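It should be emphasised that the depicted structure is a prediction, and the values quoted were computed from it without experimental measurement. All residue numbers refer to positions in the sequence shown, counting from 1.
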Amino acid sequence: MLLLLACAAVAAAVMLALQPTAVVSGPSATAGFDLRRGWLLLRAHDPRRLVPGQPGHVQLDEAELQWLVDQAVARGPAGTAVRVALAEGSAGLQASLPVPAGLLPAALVQSLGGWLNVDLRLRQPTAAGLPEVTALRLGRLSVPPALAVPLVQWALPRAAPGALPALELLQVVRTLHFTPGGLEIGYVWGEHSLHALGAALLPAEERVRLQAYALAISRAAGTGASPWPLPQLLQTVFTLAGERSATEAQAAAENRAALRALALLATGRPLQPWLPPGERHRAGPPRPLLLHGRVDFPQHVVVSAALAAEGGGPLADAIGVYKELLDAREGSGFSFNDIAADRAGTRLGLLAMRQPRQLQQRLAKGVVDDDLLPDVSGLPEYLPEPVFRRRYGGVGSPAYEAMLAEIEKRLLGSPLLR
């Protein structure tokens with residue numbers, strides 16, 4: 001009798017929780033979020049610069065918080081949408097999530113609906129720690145606040161296994177303060193928090209793929225410290241990608257993982273956290289890459305390729321342009337040849353997704369520098385912001401667009417990038 005009652009209760013809960021339509025849908029108000037604000041926000045709290053054990057503090061307005069949530073949601077199942085709202089001492093979160101395939105019988109999902117709509121209310125903690133749940137609704141089902149945390153701990157590994165490591169990151173939070181339109185967070189970064197962050201950003205199967213390419217790069221690099229020709233490394237990595245790919249879908253997933261590993265190397269990130277424990281002590285320091293005799297070009301090409309594989313060409317292009325604007329204002333100056341390298345990388349990343357097997361085969365045969373980045377000599381570089389503004393009038397001006405047209409013309413000179 002108890003078993004029958006329990007089964008009936010579960011069935012009733014599922015019927016109340018599932019709904020045929022999503023309550024939250026479409027892009028949030030941060031679709032036009034100022035990229036500069038997001039860039040500066042992430043740079044100010046770059047976890048690689050944080051000292052373990054040292055307290056940190058971050059203030060976010062509601063738009064910034066929503067933007068960060070949107071970035072996380074973009075990695076989840078298609079159609080997932082989340083909205084946040086902040087008030088004095090409290091916060092609200094509404095979300096619509098598609099029911100993962102295989103979690104429930106298909107006939108049941110078809111009859112009841114394929115959406116889980118979540119309405120969560122939080123109250124600022126009276127002392128240090130995480131906020132308290134004051135209300136939780138799953139569709140039409142009201143969940144007692146005392147059951148909210150155990151329910152999440154049970155459901156999360158089943159609905160989204162790759163998100164489970166994110167719970168580890170909550171351990172760094174010490175204080176939270178909700179205000180109308182704002183959030184203040186006090187945190188202490190732990191020794192292993194960076195690896196937990198990396199794990200939280202990738203599903204389990206993606207972490208396994210990344211480990212395979214990190215291991216291949218580490219073994220190919222050996223203990224040398226001299227610059228590594230990018231074409232040579234691409235041949236090694238994409239030969240492995242081809243060996244691990246049986247279908248077009250698998251090839252795209254392998255290419256994306258390969259580009260992630262290459263981006264870690266190109267930006268000087270250590271590969272040790274992504275290696276099997278027995279291999280970590282053998283890995284040497286990151287080895288610089290070389291393209292056309294320069295170590296900055298591989299960074300632009302590889303990082304833009306990885307961004308394009310993750311989020312498409314417009315994202316990679318926007319970040320590349322913004323980085324050059326920052327350089328014009330604060331650093332080495334605006335460089336159109338860097339923009340050319342960014343756009344070459346964007347093309348490479350899109351090919352990795354749209355023609356995954358063909359790209360694997362082409363790179364496995366071997367390429368040269370001009371295949372990856374045609375001649376960019378003569379393009380203006382190292383332009384301080386006043387000079388850039390005077391000559392080109394800013395991003396989007398006719399003179400600027402003419403330079404982009406010249407860059408595209410040069411890129412089309414590479415059969416690989418057409």
Side-chain angles (χ1 to χ4, degrees), residues 27-44 46 61 63-64 66-68 70-71 74 263 266-267 291-351 369-370 372-414 416-418:
S28 73
T30 66
F33 183 81
D34 183 357
L35 184 62
R36 183 176 187 272
R37 289 171 63 194
W39 182 284
L40 294 177
L41 174 67
L42 295 175
R43 188 171 69 172
D46 188 336
D61 63 31
E64 291 168 336
Q66 182 67 62
W67 181 77
L68 290 173
D70 289 344
Q71 303 314 300
T267 53
L291 181 64
H292 285 302
R294 293 175 56 159
V295 296
D296 59 330
F297 280 164
Q299 295 176 0
H300 288 275
V301 170
V302 171
V303 171
S304 293
L307 287 170
E310 293 283 354
L315 171 65
D317 288 342
I319 291 178
V321 169
Y322 182 68
K323 190 267 182 189
E324 291 309 313
L325 291 175
L326 275 184
D327 281 348
R329 185 175 303 166
E330 306 170 1
S332 57
F334 193 101
S335 296
F336 280 104
N337 57 16
D338 287 349
I339 294 292
D342 289 330
R343 297 216 160 195
T346 296
R347 287 172 176 258
L348 186 68
L350 293 177
L351 286 172
D369 286 4
D370 283 342
L372 301 173
L373 180 63
D375 180 28
V376 295
S377 61
L379 294 177
E381 58 179 333
Y382 308 128
L383 302 176
E385 183 180 22
V387 177
F388 170 73
R389 298 286 180 187
R390 185 172 66 251
R391 291 186 186 178
Y392 299 99
V395 175
S397 69
Y400 177 84
E401 293 298 325
M403 288 301 304
L404 292 190
E406 173 62 24
I407 288 172
E408 293 300 315
K409 178 181 176 182
R410 296 194 187 198
L411 295 182
L412 289 175
S414 166
L416 176 69
L417 301 178
R418 288 174 187 166

Check your understanding: Of all heavy-atom pairs between Leu379 and Ala340, which one has the smallest distance, and what is that distance?
Key ->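 In this case the closest contact between Leu379 and Ala340 is CD1-CB, 4.1 Å.
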
Check your understanding: Do you know which two heavy atoms are closest between Pro380 and Met403, and how far apart they sit?
Key ->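 Smallest heavy-atom distance, with atoms named: CD-CE, 3.4 Å.
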
To the nearest 0.5 Å, how far apart are [atom1] in [X] and [atom2] in [Y]?
X      : Y      : atom1 : atom2 : answer
Leu307 : Thr346 : CG    : OG1   : 7.5 Å
Leu348 : Leu416 : CG    : CG    : 6.5 Å
Arg389 : Ser397 : CZ    : OG    : 9.0 Å
Phe336 : Tyr392 : CZ    : OH    : 5.0 Å

Practice item. Ignoring hydrogens and angles, tell me if any N or O in the side chain of Glu401 forms a donor-acceptor pair with the backbone of Pro398 under 3.5 Å. Key: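 Side chain of Glu401 to backbone of Pro398, a donor-acceptor pair under 3.5 Å: no, none is there.
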
Check your understanding: Looking only at atom types and distance, does a side-chain atom of His292 sit under 3.5 Å from a main-chain N or O of Phe297, one as donor and one as acceptor?
Key ->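 Side chain of His292 to backbone of Phe297, a donor-acceptor pair under 3.5 Å: no, none is there.
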
Check your understanding: Any side-chain heavy-atom pair from Leu417 and Pro374 closer than 4.5 angstrom?
Key ->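 Yes - at least one pair of side-chain heavy atoms lies under 4.5 Å apart.
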
Review point. Which of these passes side-chain contact (heavy atoms from CB on, under 4.5 Å) with Pro298: Leu372, Leu291, Val303, Leu373?
Key: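 Looking at Leu372, Leu291, Val303, Leu373, the match for Pro298 under the side-chain contact (heavy atoms from CB on, under 4.5 Å) is Leu291.
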
Exercise for review: Applying side-chain contact (heavy atoms from CB on, under 4.5 Å), run through Val387 and Phe334 and close with a yes or a no.
Suggested key: CA-CA 9 Å; Val387 177; Phe334 193 101; over 6 Å; no

Practice item. Quick one: list whatever passes salt bridge (charged side-chain N to carboxylate O under 4.0 Å, His left out) with Arg294, sequence neighbours left out. Key: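 Applying salt bridge (charged side-chain N to carboxylate O under 4.0 Å, His left out) to Arg294 gives Asp296, Glu381.
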
Distance-only donor-acceptor pairs under 3.5 Å for side chains of residues 404-412, two or more places apart:
residue	atom	partner	partner atom	Å
Glu406	OE2	Arg410	NE	2.9
Glu408	OE1	Arg347	NH2	2.4
Glu408	OE2	Arg343	NH1	3.3
Arg410	NH1	Asp375	O	3.2
Arg410	NH1	Ser377	O	2.9

Review point. Can you name the residues that form a side-chain hydrogen bond (donor to acceptor under 3.5 Å, both in side chains) with Asp369, not counting sequence neighbours?
Key: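 Expected list: none.
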
